[in-house]
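Chain identifiers are assigned alphabetically (A, B, ...) following the order of the sequence lines, protein sequences preceding nucleic acid strands; residue numbering begins at 1 within each chain. We use all heavy atoms of the structure for the numbers below, so side chains are in, but hydrogens, waters and symmetry mates are not.
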Amino acid sequence: MESQYSPKEFDEKWQKHWEDLELYKAQDDSSKPKFYSLVMFPYPSGDLHMGHMRVYTISDVISRQRRMLGYNVLNPMGWDAFGLPAENAAIKRKLHPEKWTKENIRFMRDEQLKKLGTSYDWQREVTTCDSNYYHWTQWLFLKFYEKGLAVRKEAPVNWCPDCQTVLANEQVEGGACWRHPETPVEQKQMSQWFLRITHYAEELLADLDTLKGWPERVRLMQQNWIGKSQGAELYFTVESKPNVQIKVFTTRPDTVFGVSYVVLAPENPLVKELVSDECKEAVAAYVEEAKRKTELDRMTTEKSKSGVFIGAHVVNPFNGDVVPIYVSDYVLMSYGTGAVMGVPAHDERDFAFARKFSLPITEVISADGKSVGEMAAPYLDDGILLNSGKFSGVDTTRAKTAITEWAEQNQAGKGRVQFRLRDWLISRQRYWGCPIPLVHCAKCGIKPVPETSLPVILPVEGVEFTGEGGSPLGRMPEWLNSTCPDCGGAARRETDTMDTFIDSSWYFLRYTDATNPAEAFSQAKVNYWMPVDQYVGGVEHAILHLLYSRFFTRALKDMGLVNCVEPFTNLLSQGMVTMYSPVSGRIEKMSKSRGNVVGTLDFFKRYGADAARLFTLFASPPEQELEWSEDGAVGQHRFLTRIWRLLVDLKAKGVIDRDLCRKPLASSNGNGNGAAALSAADKNLIKLVHKTIKAVSNDLSPERYVFNTAIARCMELVNGLYKYVQEVEPKEASPVLSFAVYNLLLLLAPMAPHITEELYHQLGLALSDKDSIHCSKWPDFDESLTVDDEIELVLQVNGKIVSKVPASRGLDRKAAEGLAMDDDKMKAKLTGQAVKKVIVVPDKLVNVVI
RNA sequence: GCCCUUGUGUCGGAACUGGUAUACGAGUCGCACUUAAAAUGCGAUGCCCGUAAGGGAUUGAGGGUUCGAAUCCCUCCAAGGGCACCA
């Protein structure tokens with residue numbers, strides 16, 4: 001046995017050993033309870049750095065400990081392999097995206113994730129750009145299409161004139177194309193595919209309450225994103241065209257008597273219909289300008305309002321007022337009805353608009369129902385109505401209901417709920433994505449590709465990447481030209497591919513039956529494993545990926561494909577890893593572009609995988625940010641070295657014994673295993689072991705998941721062992737030391753899997769060559785051995801500490817009080833004082849109030 | 001602007017339900033080992049006053065509840081994140 005701890009001698013040996021033993025293979029049927037452990041799968045960008053490793057380490061520790069606790073664990077890994085960077089690399093380096101992606105996957109899997117010592121079941125590896133995966137992505141799309149959840153509709157989208165393609169919202173940075181910061185993105189009206197996530201808005205919102213295992217902040221972010229508003233839709237009849245109504249959505253029906261104008265969004269079709277001849281030119285010009293307006297312009301002109309009168313009026317159904325109709329880009333076509341009523345007195349934006357166009361500001365609510373006269377700013381709070389006909393004098397809350405009711409009775413409107421959530425635009429004019437399985441037939445229109453013809457293969461050979469002019473698929477006639485499944489005539493394939501978020505919205509279902517050639521997943525397997533018991537991932541996916549996955553699961557449940565409603569029972573969203581960036585001079589998220597990355601290969605070589613894992617876990621609790629520091633990592637390497645040296649020494653002395661180590665030494669009170677011979681040092685060490693087992697078990701439990709304190713407890717045990725060895729100087733097989741060392745290794749095994757396995761075998765604790773510490777049972781503890789008989793009683797006067805005295809555990813109140821009154825320092829404080837009250841916290845403190 | 005999170009020694013961070021603030025690690029200093037250094041082991045180490053014994057203040061700031069507050073409540077300040085003309 002080497003006297004020097006050098007992980008490079010054995011890290012890879014054990015990784016191979018575990019793989020040969022198929023230690024991490026999940027069983028599809030088992031008498032053990034199942035535990036589905038999931039970590040967000042990576043995009044194969046090519047090179048993981050230590051910052052990326054945090055999430056895999058956390059998830060791996062959880063999986064390993066669950067295995068030791070006796071669960072049948074599914075811990076899979078895969079690749080979110082479609083996406084733009086691959087296509088970019090292809091354009092830049094003339095390397096096919098598939099080749100680039102596959103090479104990256106091999107490197108990341110074999111050289112990075114495996115070398116971290118992760119415990120994945122690689123037989124279930126999933127790669128979203130493989131046709132045996134996207135076959136089922138397409139099949140699911142067809143299911144959504146059948147149910148009317150995938151629809152084609154016109155929508156304004158982000159268009160980059162340089163790339164000649166639609167961009168995802170995520171690819172618009174500061175109003176410009178992410179590839180050309182100098183090119184502003186344009187808004188373009190296009191026919192695109194959407195998934196109707198809004199169909200589930202209400203449920204997605206309501207069921208957030210059932211996700212008790214999710215962080216509060218993630219639930220809140222989703223809640224805000226879905227954005228439910230309670231209000232009313234009110235109808236304003238056009239004065240010159242009594243058969244046309246403008247419907248507006250408002251959350252403030254109580255302010256309807258204060259309406260001084262109505263505004264339409266520039267894209268609202270009513271603009272063209274209602275505009276008067278005199279205004280036609282000005283309105284058309286404004287609408288044109290608004291269309292061209294980029295997000296950049298919008299942001300810079302945020303607060304100032306623009307707009308044009310369209311030469312028509314509407315009648316307020318509540319008071320008969322005739323008010324003008326404007327068109328303005330502060331009204332969005334995609335929210336509500338694309339029209340709003342302007343109430344300057346009680347809305348910030350309407351106030352600004354009214355000022356600019358000199359429109360009347362009619363006060364209809366105030367704190368006490370009395371007019372305040374000239375308004376310098378809009379009054380936004382609740383209050384009492386005035387100038388509101390028969391509703392004057394009513395408070396806002398009741399007025400909202402009353403006015404909505406009146407509208408319903410008089411066909412002037414109705415109550416309505418509005419969501420901020422929009423339907424999910426999934427079309428992408430890109431090559432490297434899952435083809436949408438549809439054809440366009442001149443005769444029959446849009447037709448789905450029959451299930452039996454799936455998958456629609458993404459062509460790999462003969463694809464040219466020029467970097468301009470949209471998707472290369474459109475320039476491949478041999479792929480583009482197909483036949484109509486209905487009439488058999490000529491048809492063109494859909495050239496758009498799907499948003500990559502679709503691929504990741506169901507990968508956790510595929511893991512349950514990853515190699516099934518005939519189905520997306522079998523009912524039996526998916527329902528055995530789902531829902532995911534513990535999901536770990538970055539907070540950057542708090543909304544999109546997690547919301548989409550919830551939507552998918554819900555839709556599939558309604559189709560009878562899965563049984564569960566919510567896919568992820570518990571969610572741990574880990575904080576990002578930061579480091580000082582020489583580029584910006586600040587502490588920022590670790591990333592290549594910021595020049596503050598720590599490479600994995602180099603780190604593993606210098607300190608070993610276990611030190612990397614321990615530092616990542618120790619530096620801060622998982623939900624918080626972690627600042628990478630070389631010093632801290634060295635500290636963990638030192639801790640491992642300390643364990644190594646101690647155990648090498650004990651082995652040389654022959655004190656560790658394979659049989660003794662498994663004997664529980666349950667009782668220190670005289671009747672346990674060899675208890676008669678136990679010294680005070682022995683008893684203390686046994687207690688320390690039990691206390692450590694208790695603390696670490698608690699720290700690794702789902703209620704806590706605080707790995708930093710778990711490691712701290714293990715360090716204390718190691719410190720205790722050093723002290724014990726120094727004191728006792730053991731020379732022969734020791735039951736106490738064998739027991740302590742064995743349990744230390746068990747507790748550290750999930751966090752530092754290599755060194756614990758190596759020492760387990762080196763010390764001869766293994767039951768055979770095929771044995772692994774990772775197959776061991778997680779240790780139990782004896783509650784009675786986790787408490788000390790002797791405690792320190794704290795004595796306080798008025799809550800201030802005056803003295804501390806030793807006392808035996810379990811003292812009653814009287815006795816504790818007696819101890820306090822007997823103490824010299826207490827006496828000094830209390831003489832001549834009237835004692836008002838004595839508070840005794842058993843086994844903790846006595847507080848005398850004077 | 002709205003919503004959320006976080007503020008504890010020189011640094012990363014502990015303190016489970018209000019009950020000994022600063023566990024564990026890093027750094028620094030000292031001792032041992034060594035010809036020497038590194039490594040390792042042992043010990044000390046939040047701040048102020050004091051040679052010491054001892055005393056005092058202290059968990060971003062201020063206030064409150066309580067016998068007792070890092071922890072609960074209110075106001076404010078700072079940093080980070082999310083949303084942002086959503087009617």
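Using N1 to N3 plus N6-O4 or O6-N4 for Watson-Crick, or N1-O2 and O6-N3 for G-U wobble, each under 3.5 Å, B:G1 pairs with B:C83. Using the Watson-Crick or G-U wobble rule with both distances under 3.5 Å, B:U66 pairs with nothing in any strand shown. Base pairing of B:A21: no nucleotide in any strand meets the Watson-Crick or G-U wobble criterion (both distances under 3.5 Å). Using the Watson-Crick or G-U wobble rule with both distances under 3.5 Å, B:A39 pairs with nothing in any strand shown. Using Watson-Crick or G-U wobble geometry with both donor-acceptor distances under 3.5 Å, B:U28 finds its partner in B:A44.
Closest heavy-atom contact between A:E727 and A:A681: OE1-CB, 3.8 Å. Taking each heavy atom of A:A710 and A:M751 in turn, the nearest pair found is CB-CE, 4.2 Å.
Nucleic acid contact for A:L845: base, since at least one base atom lies under 4.0 Å from a heavy atom of the residue. A:V340 comes within 4.0 angstrom of a nucleotide base, judged by non-hydrogen atoms across all strands. A:S328 comes within 4.0 angstrom of nothing in the nucleic acid, heavy atoms only. Within the nucleic acid shown, A:K844 comes within 4.0 Å of sugar-phosphate atoms alone, with no base atom in reach, counting heavy atoms only. Nucleic acid contact class of A:Q418 (heavy atoms, under 4.0 Å, all strands): none. Here A:R422 lies in heavy-atom contact (under 4.0 Å) with a base. Among the atoms of the strands shown, none is found under 4.0 Å from any heavy atom of A:E703.
Distance check on atom C1': B:G9 versus B:A14 gives 13 Å, rounded to whole Å. Comparing the C1' positions of B:A57 and B:U6 gives an interatomic distance of 25 Å, to the nearest angstrom. Rounded to the nearest Å, the gap between the C1' atom of B:A21 and that of B:U71 is 11 Å. The C1' atoms of B:A15 and B:G46 are separated by 16 Å, rounded to the nearest whole Å. Annotation: B:A53 and B:C49 have their C1' atoms spaced 14 Å apart (nearest Å).
With hydrogens and angles left out, the side chain of A:K305 and the base of B:C85 share a donor-acceptor pair within 3.5 Å.
A cation-pi arrangement is present between A:K247 and A:Y235 under the rule of less than 6.0 angstrom and at most 45 degrees off the ring axis.
Taking a cutoff of 4.0 Å between a charged side-chain nitrogen and a carboxylate oxygen, A:K589 and A:E625 do not qualify as a salt bridge. Classification of A:K825 and A:D823 as a salt-bridged pair fails, no side-chain N sitting under 4.0 Å from a carboxylate O. Using a cutoff of 4.0 Å between basic side-chain nitrogens and carboxylate oxygens, A:D788 and A:K691 are scored as salt-bridged. A:D789 has no carboxylate O lying under 4.0 Å from a charged side-chain N of A:R809, or vice versa, which leaves the two without a salt bridge. Electrostatic pairing of A:E716 and A:R713 counts as a salt bridge here, judged by a charged N lying under 4.0 Å from a carboxylate O.
Between the A:E233 side chain and the A:K414 main chain, no donor and acceptor come within less than 3.5 Å of each other.
Here the side chain of A:V331 is nearest to one of B:U20, B:A87, B:G80, namely B:A87. For A:V841, counting side-chain heavy atoms from C-beta on, the closest listed nucleotide (B:A21, B:C16, B:G19) is B:G19. Among B:A21, B:U40, B:A87, the nucleotide with an atom closest to any side-chain atom of A:R645 is B:U40.
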Short N/O separations, protein against nucleotides 2-10 of chain B, under 3.5 angstrom:
none

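Between the side chains of A:Q4 and A:S6, no donor-acceptor pair of N or O atoms lies under 3.5 Å. Side chains of A:R420 and A:T198: no donor on one and acceptor on the other come within 3.5 Å.
Note on A:R420: every side-chain N or O is 4.0 Å or more away from OP1 and OP2 of B:A87. Within the 4.0 Å cut-off from OP1 or OP2 of B:A87, not a single side-chain nitrogen or oxygen of A:Y330 is found. Here A:Y722 reaches the OP1 or OP2 of B:G41: one of its side-chain N or O atoms lies under 4.0 Å away. Under 4.0 angstrom from either OP1 or OP2 of B:C67 there lies at least one side-chain N or O belonging to A:K837.
Distance CG (A:L795) to C1' (B:C67): 15 Å, rounded to an integer number of Å. Separating the NZ atom of A:K400 from the P atom of B:A87 is a distance of 11 Å, rounded to the nearest angstrom. Rounded to an integer number of Å, the gap from A:D823 CG to B:U20 C1' is 15 Å. For the pair A:K800 NZ and B:U66 P, the computed distance is 18 Å after rounding to whole Å. Rounded to an integer number of Å, the gap from CG of A:N698 to P of B:A14 is 14 Å. In this structure, CD of A:Q4 is placed 10 Å from C1' of B:U40, rounded to the nearest angstrom. The distance between atom CE of A:M221 and atom P of B:G82, rounded to the nearest whole Å, is 7 Å.
Residue whose closest nucleotide on RNA chain B sits further toward the 5' end, between A:W225 and A:T337: A:W225. Nearer the 5' end of RNA chain B, as judged by each residue's closest nucleotide, is the contact made by A:V794, out of A:V794 and A:N847.
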Problem - Test side-chain contact (heavy atoms from CB on, under 4.5 Å) applied to A:D350 and A:Y261, step by step - result: CA-CA 9 Å; A:D350 298 347; A:Y261 62 98; 3.4 Å; yes

Practice task
Would you give a per-nucleotide map of nucleotides 22-33 of chain B, 5' to 3', where B means the base has a protein non-hydrogen atom under 4.0 Å away, S means only the sugar-phosphate does, and - means neither?
Solution key: -BBSSS------

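Glycosidic conformation at B:G56 (O4'-C1'-N9-C4 for purines, O4'-C1'-N1-C2 for pyrimidines): anti, more than 90° from 0.
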